[in-house]
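The figures that follow rest on heavy atoms only: side chains count, while hydrogens, waters and symmetry mates do not. All values derive from a computational prediction rather than experimental measurement.
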Amino acid sequence: MTSAQPLDVEPTPLALLLLGRESDPASERGVDCPGDLPAPSDPDLVARARAAKEALGDRVFVLGHHYQRDEVIQFADVTGDSFKLARDAAARPEAEFIVFCGVHFMAESADILTSDDQRVILPDLAAGCSMADMATAEQVAEAWDVLTEAGVAGDTVPVSYMNSSADIKAFTGRHGGTICTSSNARRALTWAFEQAGENGKVLFLPDQHLGRNTAVRDLGLSLDDCVVYNPHRPGGGLTVEQLRRAKMILWRGHCSVHGRFTLDSVNEVRERIPGVNVLVHPECRYEVVAAADQVGSTEHIIATLDAAPEGSKWAVGTELNLVRRLANRYAGQGKEIVFLDRTVCFCSTMNRIDLPHLVWSLESLAAGRVLNRIEVDRATEHDAKLALERMLALP
């Protein structure tokens, strides 16, 4: 194979929304940008972005998440997953401006880890995260009250996924818990159970699938050891006995991208492409992960495909922008890489960071206007940093 192969996906009526041209004021951080955005049809967008970035020089550091559009990724100084990018930002204290081409919780983490002199910019404030929004500070505080009334809060250690708001990270820090990524979730859960003691349990926020997959597949717990806390039902929809018996209390949250992959997706691609290797992210449902050949974080997926032999075939269950980029990257090496599902599955809010928003952000900074700055208040930052530092100290 010498050229990129089509990913064989079919657009759905939802695809236009997923491309980031609509908004939902009830669930997103914001929907408006002050000033006028450049037109997407402007043929000079690339040149304008390049000129503004060159004018800013070392004053600006552009971070690009793996799920970003190619039109944006081309201007990123570094690419990576959310925590890697936040750490990269902290490692560049000379950069006055951090332009984070990702989503809101990622920019919050960057603000927490960078110095007070640095300013973090999110090109579109509507670039939120549906998973992070599934656990609010009020809901989690109420859940802790439920655990307290059930007599189990004292034996429970919270572990929050990096894909959570600063408020949730702060809650985790205040209650002796830690943050985890999809790469170190096993280490984080092992540590948490050690802290909780013999009869202890973990409250895992906000992605139930990563928590369940890690507990059952990596730590050897059973599915019966896991219960799902639903914040929209009284008492989380659980009895006191269920809470006392559980080892893993999973928040009822999920990734809207990874959660759409099904066992049918796996079976269909195996029938369509004989000899295909199925590689999925641990945010996928348990039955999908159980049926896959390999499971791992975004960085693991990239490393696996990089090391894959020529002629191998892969169906990848993660965000479409990344899968398409990897398919193009390795086509010349004779690797066939397809998207696990047959329908379009962009990260809808990530796709709001497009080239017009990036140009608008960079040109505004070059003109001396700091817009869409992400700031975490001091108290929240302090408690959230406690949880992040516990993660950094994991063995």
Write down the atom of [X], the atom of [Y], and the distance for their closest heavy-atom approach.
X	Y	value
Cys226	Leu250	CB-CD1, 3.8 Å
Ala170	Asp383	O-CB, 3.5 Å
Gly102	Leu122	O-CD1, 3.9 Å
Lys169	Ala387	O-CB, 3.7 Å

Practice problem: For Arg378, enumerate each residue passing the side-chain hydrogen bond (donor to acceptor under 3.5 Å, both in side chains) test, keeping only those at least two apart in sequence or located in another chain. | Solution: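 Per chain and number, Arg378 pairs via side-chain hydrogen bond (donor to acceptor under 3.5 Å, both in side chains) with Asp116.
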How about [X] and [Y]: does a side-chain donor come under 3.5 Å of a side-chain acceptor?
X	Y	answer
Ser364	Ser361	no
Asp306	Tyr330	yes
Ser130	Asp133	no

Practice problem: Not counting sequence neighbours, which residues clear ring-ring contact (aromatic ring centres under 6.0 Å, His included) with Trp251? List them please. | Solution: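 Checked Trp251 against ring-ring contact (aromatic ring centres under 6.0 Å, His included); matches are Tyr229.
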Quiz item: Out of curiosity, Phe339 CZ to Leu322 CG, how far, rounded to the nearest 0.5 Å?
Solution: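 So the CZ of Phe339 and the CG of Leu322 are separated by 10.0 Å.
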Quiz item: What is the distance from atom CZ of Arg87 to atom OG of Ser109, rounded to the nearest 0.5 Å?
Solution: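 That separation rounds to 12.5 Å.
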Exercise. Could you tell me whether a side-chain N or O of Glu108 sits under 3.5 Å from a main-chain N or O of Ala166, the two making a donor and an acceptor?
Key: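 Yes; judged by distance alone, with no hydrogens or angles, the pair exists.
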Quiz item: Any side-chain heavy-atom pair from Ile112 and Lys385 closer than 4.5 angstrom?
Solution: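 Side-chain contact under 4.5 Å: yes.
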Quiz prompt | Whichever hydrophobic residues join Tyr286 through chains of side-chain contacts under 4.5 Å | solution =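 Direct or chained contacts put Tyr286 with Val216, Leu223.
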Take atom [atom1] in [X]; do more than 12 heavy atoms of anything else shown fall under 6.0 Å from it?
X	atom1	answer
Asp377	CG	yes
Arg187	CZ	yes
Gln294	CD	yes

Quiz item: Can you tell which of Thr178, Asp207, Thr172 makes a side-chain hydrogen bond (donor to acceptor under 3.5 Å, both in side chains) with Ser160?
Solution: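 Passing option: Thr172.
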Practice problem: Kindly assign one of parallel, tilted or perpendicular to the pair Phe171 and His175, based on the angle between their ring planes and the thresholds 30° and 60°. | Solution: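 Answer is tilted, since the angle falls between 30° and 60°.
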Exercise. Look at the aromatic rings of His357 and Trp360 and report parallel, tilted or perpendicular, splitting at 30° and 60°.
Key: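 Plane angle over 60°, so perpendicular.
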